[in-house]
2 protein chains.
Amino acid sequence: MDTTVVKALTVLEALAASRTPLGVTELATRLGLSKSNVHRLLQTLASRGYVAPVEHRYTVTTKLWELGAQIVSRLDVAQVATPVMQRLVAEVDETAHLSILDMTACEVVSIHNVESTQPVRAYSRIGQRTPAHCVATGKALLSVQPPEALRALPEELPRFTPHTLWQRDALLAALEKIRADGYSTNVGEWREQVGGAAAVVRDHGGRPVAALGLTVPVERLEPEVMSRYIPRLIAAASEISRLLGAPSR
Amino acid sequence: MDTTVVKALTVLEALAASRTPLGVTELATRLGLSKSNVHRLLQTLASRGYVAPVEHRYTVTTKLWELGAQIVSRLDVAQVATPVMQRLVAEVDETAHLSILDMTACEVVSIHNVESTQPVRAYSRIGQRTPAHCVATGKALLSVQPPEALRALPEELPRFTPHTLWQRDALLAALEKIRADGYSTNVGEWREQVGGAAAVVRDHGGRPVAALGLTVPVERLEPEVMSRYIPRLIAAASEISRLLGAPSR
DNA sequence: AACAGCGTTCCATTATTTAGAACAAAGGAA
DNA sequence: TTCCTTTGTTCTAAATAATGGAACGCTGTT
């Protein structure tokens with residue numbers, strides 16, 4: 001193990017965590033290293049532009065942030081989500097899918113699926129478009145849209161089953177609860193036989209980018225089952241968000 | 001100089017710059033290091049969570065971003081500016097960004113963006129560096145630098161288009177006008193097709209901390225349009241300054 | 001089945017890091 | 001001001017940790 005590297009990273013982290021610049025002595029005592037050692041590490045980090053001396057102390061530069069920004073800007077939701085979704089499906093054995101919202105059409109588009117092994121299961125093709133107001137992923141994503149975008153929705157929405165929330169006001173009330181709960185559910189609002197739950201995935205800027213959903217045939221959609229699945233769903237969604245660099249909480 | 005630390009940072013940067021995971025051998029040849037050396041460095045970086053193995057290769061994690069985000073979140077500008085920027089973009093429907101100046105490199109670093117909804121719009125990645133002397137935000141920030149810092153600039157600066165102010169004296173004259181006007185503009189000085197305007201944001205001590213800029217494709221960059229946008233830009237910048245506790249005027 | 005390429009492990013050699021003391025420079029107290 | 005404390009910086013011998021070549025096991029290919 002390259003102990004020098006570890007020490008350098010420790011110094012860097014300590015400096016990044018401090019809201020004020022730190023001196024050599026302060027860092028040395030705080031990290032239990034010798035003064036001259038810390039000094040050399042700082043010089044090395046400074047030579048690569050990671051830290052900079054200011055008024056006899058040292059502070060981190062924006063280089064770390066720039067590197068990090070480079071990384072997160074390249075991350076792709078579907079790619080990052082795949083292993084997490086596979087783990088989720090292994091746990092609950094129901095089909096998981098990842099969808100994005102097309103607000104111009106008020107529809108969700110499925111961008112990635114992981115199928116369950118159940119003989120009876122909900123089918124969903126990648127690229128498939130579904131009205132947003134009557135599926136779990138769509139409602140989750142709608143719930144985090146800005147209020148003015150929601151007010152722009154038509155008074156009456158398409159109605160697919162008796163359960164569809166086709167009146168805007170009823171939908172808005174439901175969305176409010178979803179926002180507070182951190183997840184959405186659906187029982188036969190689009191197709192009589194299909195329900196599910198979903199939670200929002202956020203990117204490095206904290207912006208909602210997709211929703212992670214579980215789709216379940218109504219016959220298996222019992223409350224006690226869902227209450228087991230939902231915490232796992234939420235955990236998976238926030239794990240994906242975390243991997244994308246989303247600010248915690 | 002801690003050569004091991006430098007090597008580790010080089011590995012980290014190479015990994016961050018690559019859009020795909022890299023193998024030990026690939027990294028070793030690319031950086032001119034021995035295979036076992038790279039392997040050990042990767043193990044060390046992995047033990048601290050900076051990189052992670054995936055399918056017999058290595059990739060960077062979002063740890064760098066987490067560290068970097070700590071740094072930027074400490075600049076309260078970013079938080080305070082977001083809602084103001086969103087309002088500005090809602091008004092003018094052009095991409096707004098917030099940039100800080102790195103005087104050691106005479107470059108600006110974009111720390112926050114709010115994109116417009118226009119189909120044709122300037123694309124700028126967060127964390128991106130741009131030469132300060134040929135973009136609006138950079139010129140705005142340069143214009144409020146102390147005179148001695150400006151005198152230290154080289155006689156001739158990099159030239160990107162025929163419009164670039166590449167001679168120091170011409171630049172200094174432009175900066176003087178910017179300082180008097182309270183805003184800067186740019187028409188194709190960096191990229192032929194892109195222009196914009198910017199104004200300085202000040203902290204509670206009245207010190208310049210960032211610049212708020214609008215970036216506009218030249219095709220929409222007509223004087224009468226800009227004259228409508230600029231007052232709003234200035235208002236937004238001073239609103240952010242006010243929120244930071246800057247003394248008025 | 002043989003091969004080529006990869007990541008990984010091992011270890012003696014060697015170059016590097018280390019800690020302490022000495023030095024210089026800055027800041028505060030008298 | 002002058003003295004004294006505390007800080008950042010430099011230096012060096014001693015010791016430690018990093019190095020790279022060779023060997024290993026594994027995977028996928030020909």
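In what follows, chains carry the letters A, B, and so on, assigned in the order in which the sequence lines appear, proteins first and then strands, with residues in each chain numbered from 1. Values in this document were obtained by computation on a predicted structure and should not be read as measured data.
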Report the distance from atom CD of A:Glu55 to atom P of C:dA25, rounded to the nearest whole Å.
->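 After rounding, the reported distance stands at 19 Å.
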How long is the line joining CG of B:Leu27 and P of C:dT8, in whole Å?
-> 12 Å
Using a cut-off of less than 4.0 Å, is there contact between a side-chain N or O of B:Tyr58 and OP1 or OP2 of C:dC6?
-> no
Does B:His39 place a side-chain N or O at less than 4.0 Å from the phosphate oxygens OP1/OP2 of C:dT8?
-> yes
When all nucleic acid strands are considered with a 4.0 Å heavy-atom cut-off, which category describes A:Gln43: base, sugar-phosphate, or nothing?
-> sugar-phosphate
Hey, are A:Glu26 and A:Arg57 close enough for a salt bridge, meaning a charged N less than 4.0 Å from a carboxylate O?
->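 Answer for the salt bridge query: no.
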Less than 4.0 Å between a side-chain N and a carboxylate O, is that true for B:Glu66 and B:Lys63?
-> no
Keeping the roles fixed (side chain from A:Ser184, backbone from A:Ala136), state whether a donor-acceptor pair exists under 3.5 Å.
-> yes
Under 3.5 Å: donor-acceptor pair, side chain of A:Arg74, backbone of B:Ala16 =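 Side chain of A:Arg74 to backbone of B:Ala16, a donor-acceptor pair under 3.5 Å: yes, one is there.
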Do B:Thr4 and B:Asp2 get their side chains close enough for a donor-acceptor pair, meaning under 3.5 Å?
-> no
What string of B, S and - do you get for nucleotides 11-30 of chain D, 5' to 3', when a contact is any protein heavy atom under 4.0 Å?
-> ------SBBBB---------
For the side-chain hydrogen bond (donor to acceptor under 3.5 Å, both in side chains) test, which of B:Thr215, B:Asn113, B:Thr137 pairs with B:His97?
-> B:Thr215
